Amino acid sequence: MKKANKTDSDILRQKAQELLNALTPSIVPSGTASPFSEIEILRIIQELEVHKIELELQNEELRNSWAIAKVANEKHIKLYDFAPSGYLTLSNKGKIIELNLSAAKMLGSDRQHLKNSLFGIYISEETKPIFGLFLEKAFKRKSKESCEVMMNKADSLQFHVMLTGIVSDNEEHCLVTAVDITERKLAKKTVNESEEKFRKVFSCSRDALVLIDKETGNIIDANDYTFRLYGYTQDEILNLKNTDLSFEPEKTELALKEFIERIEVRYHKKKDGTVFPVDISASRFLMNGREVVLASIRDITKRVQAEEEIKLKNDKLQQINAEKDKFFSIISHDLRGPFSGFLGLTNLLAEELPGLTQGDIQKMAVIMRDSATNLFHLLENLLEWSRSQRGLHKFAPELFLLKSMIFESTHTLMDTAHKKGIGISIEIPDDLEVYADVYMLASILRNLTSNAIKFSNKGDSVTIAAKPIPGNSVEISVRDAGIGMSNKMINDLFRLEVQTNRKGTENEPSTGLGLLLCKDFIEKHGGKIWVESEEGKGSTFRFTLPLQNQ
């Protein structure tokens, strides 16, 4: 049979018996008549003593329990009164049965004054219906209910309170916790306002703004301008990584990993594959516990185009400066030389004329004529070049027969060619027409033919030829069998900044300006010019012009 567990009474009885055994046994007076035997009397006495001691022990334990309960009650009262939240006991009508000091402080009045008053009088009019519904639900459903109300203090200041209540076990009262959430509401309002401002700036920015998860590179969010710039929908772009927008994904991935705050001119690509330059600024911060990067992306296509245009203009300015230097060089060298000769000859004639023979005077006249001719050609080229560069000569192409026009243009050069014993032949079909500016083409032919004569030896010949070529064009060539040119000289021929002038076979002066003028006029027609030459074997200059209006 299972032995029963000892009760608290059994334990006390055992302790009492132990204490009684320690005492000196009582002696019953002799000679006293008793209905009980001595042994029975001793047993009764012992039983009474045990009960006495048992009661004393129970009293001691009760005193200890009371002391503990008192301390616990005092602690409970302190926790109840000085808790940071307000605690109230309300009736089903909203009457305050009990409240702690925090609740009294929250309502701005004395605790005793607040007892038995209606809690609803401290709630603002607009939120009283909310409180009424809260209390009704708590008593009806016997469940935990919550609501948010505005409350009034005695000083008329309103504040936000979160009420949480549950009905007591006896279902007579509702135990309510009141928490002042004014600061929380203000903080939330501030956060909401900040988020609203950020969202407005985010959505209204004229730059593409992209929010990127720094760890994964996934695009978390983007503004409307991003969708317009790249051509993606919102759903499409939120399924991309930041490298998907880049034309240089490896550089983009490295920039995110090492967090480069500003990246100058990087190329991105749109959904349709269009590549364009961008300027990117980035900042990083924590959002919901993860590190994110906000990238501000600006399309700088116009800026890059402007920079390229500026570069072209700078190149043009450098070219203009080179042209200016070329003019100064020509004026200082090629004009001074002939004029110095003129001055020398005129001084000689003025001072030595009586002693000069008719032959001497004839020689001087020939030298002066040749110098004047060279000066005339030089000044003519300078004026034509100047007018061309300033846009003063109106480009007026027309359709005409080429052969007859060449005869007229080169007629003035026949005398010079005859003096060097050089023949000029023209190999052009009689019916070949070109669509060109007559004035410019005449200048081109005069310069090329004059150079061919200048660098030919006595007895050589110069050939002017033309033929139609594919592309609705005609190729015109001026060929000589003179001294030719080296490859270096060929490469420098049409460069204004390089001096290519050299003397002719009979020391005729040359500036190189005529070839530059030819190149400029030919390019105005949409054609091109090039040269084939070998030292000692002559040169052939070729250029193209349109056959008709294109």
Side-chain angles (χ1 to χ4, degrees), residues 64-198 286-290:
N64 290 338
S65 297
W66 176 257
I68 292 171
K70 184 179 180 182
V71 171
N73 186 53
E74 289 175 353
K75 289 181 178 179
H76 171 73
I77 292 171
K78 287 182 180 178
L79 288 173
Y80 178 75
D81 276 341
F82 298 105
S85 300
Y87 295 135
L88 304 102
T89 302
L90 304 179
S91 70
N92 59 355
K93 300 298 184 182
K95 182 188 291 186
I96 300 174
I97 308 302
E98 189 59 75
L99 74 165
N100 67 348
L101 291 177
S102 295
K105 184 178 180 181
M106 184 182 293
L107 299 178
S109 185
D110 178 74
R111 179 157 58 173
Q112 294 303 320
H113 175 75
L114 291 167
K115 285 183 179 181
N116 296 319
S117 63
L118 290 174
F119 185 70
I121 65 174
Y122 301 99
I123 298 177
S124 65
E125 291 297 327
E126 58 267 26
T127 57
K128 274 183 180 179
I130 297 174
F131 170 69
L133 186 60
F134 155 79
L135 204 59
E136 180 183 344
K137 286 182 178 180
F139 277 98
K140 185 176 180 180
R141 297 177 180 178
K142 305 297 188 294
S143 62
K144 187 177 180 180
E145 299 292 337
S146 297
C147 73
E148 183 180 323
V149 296
M150 288 289 293
M151 300 195 67
N152 302 313
K153 281 189 178 181
D155 54 10
S156 299
L157 293 176
Q158 287 192 331
F159 58 101
H160 296 268
V161 176
M162 174 63 72
L163 299 178
T164 304
I166 190 168
V167 174
S168 62
D169 293 337
N170 58 14
E171 300 184 2
E172 293 182 358
H173 303 127
C174 184
L175 306 177
V176 178
T177 302
V179 180
D180 187 344
I181 58 171
T182 304
E183 291 186 3
R184 188 194 310 173
K185 293 283 289 186
L186 291 175
K188 186 177 180 180
K189 182 181 178 183
T190 302
V191 170
N192 289 340
E193 288 175 350
S194 297
E195 289 180 351
E196 183 65 20
K197 289 178 182 177
F198 172 78
L286 289 176
M287 187 177 75
N288 298 328
R290 59 177 172 174

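Computed from a predicted model, the values in this text were never measured in an experiment. When a residue number appears, it is its place in the shown sequence, counting from 1.
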For residues [X] and [Y], determine if any side-chain heavy atom of one lies less than 4.5 Å from a side-chain heavy atom of the other.
{"X": "Asn152", "Y": "Tyr122", "answer": "no"}
{"X": "Leu114", "Y": "Leu107", "answer": "yes"}
{"X": "Met151", "Y": "Ser124", "answer": "no"}
{"X": "Lys95", "Y": "Asn116", "answer": "yes"}

What is the distance from atom [atom1] of [X] to atom [atom2] of [Y], rounded to the nearest 0.5 Å?
{"X": "Ile130", "Y": "Cys147", "atom1": "CD1", "atom2": "SG", "answer": "7.0 Å"}
{"X": "Arg290", "Y": "Leu286", "atom1": "CZ", "atom2": "CG", "answer": "11.0 Å"}
{"X": "Ile97", "Y": "Leu90", "atom1": "CD1", "atom2": "CG", "answer": "7.5 Å"}
{"X": "Phe134", "Y": "Thr127", "atom1": "CZ", "atom2": "OG1", "answer": "12.5 Å"}
{"X": "Glu98", "Y": "Tyr87", "atom1": "CD", "atom2": "OH", "answer": "14.0 Å"}

Who passes side chain to side chain donor-acceptor pair (under 3.5 Å) against [X], sequence neighbours left out?
{"X": "Arg184", "result": "none"}
{"X": "Lys137", "result": "none"}
{"X": "Thr164", "result": "Ser146"}
{"X": "Ser91", "result": "none"}

Inspect the surroundings of CD in Glu183 and state if more than 12 heavy atoms from other residues, nucleotides or ligands are less than 6.0 Å away.
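No, the 6.0 Å shell around CD holds no more than 12 heavy atoms from other groups.
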
Exceeds 12 heavy-atom contacts within 6.0 angstrom, atom NZ of Lys142:
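Atom NZ in Lys142 is crowded, with more than 12 foreign heavy atoms closer than 6.0 Å.
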
For Cys174, does its backbone N or O pair with a side-chain atom of Ser168 as donor and acceptor, under 3.5 Å?
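The answer is no, because no donor-acceptor pair under 3.5 Å joins these two groups.
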
Which residues share a salt bridge (Lys or Arg N to Asp or Glu O under 4.0 Å) with Glu148, sequence neighbours left out
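Salt bridge (Lys or Arg N to Asp or Glu O under 4.0 Å) list for Glu148, sorted by chain: Lys185.
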
Kindly write out the residues that satisfy salt bridge (Lys or Arg N to Asp or Glu O under 4.0 Å) with Glu125, not counting sequence neighbours, or none if the list is empty.
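Salt bridge (Lys or Arg N to Asp or Glu O under 4.0 Å) check on Glu125 returns Lys128.
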
Which residues satisfy the side-chain contact (heavy atoms from CB on, under 4.5 Å) test with [X], sequence neighbours excluded?
{"X": "Gln112", "value": "Asp110, Lys115"}
{"X": "Thr182", "value": "Phe159, His160, Asp180, Leu186"}
{"X": "Ala178", "value": "Leu88, Met106, Val161, Leu163"}

Give every residue pair that meets the ring-ring contact (aromatic ring centres under 6.0 Å, His included) criterion with at least one member in residues 90-119, sequence neighbours excluded.
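Checked against ring-ring contact (aromatic ring centres under 6.0 Å, His included) - neighbours excluded - the pairs reaching residues 90-119 are Phe119-Phe131.
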
Might you work through the side chain to side chain contact (heavy atoms under 4.5 Å, CB included) test for Met150 and Ile123, ending with a clear yes or no?
CA-CA 6 Å; Met150 288 289 293; Ile123 298 177; over 6 Å; no

Heavy-atom pair with the smallest gap, counting every atom of Val179 and Ser85
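Between these two residues, the closest heavy atoms are CG2-OG, 3.6 Å.
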
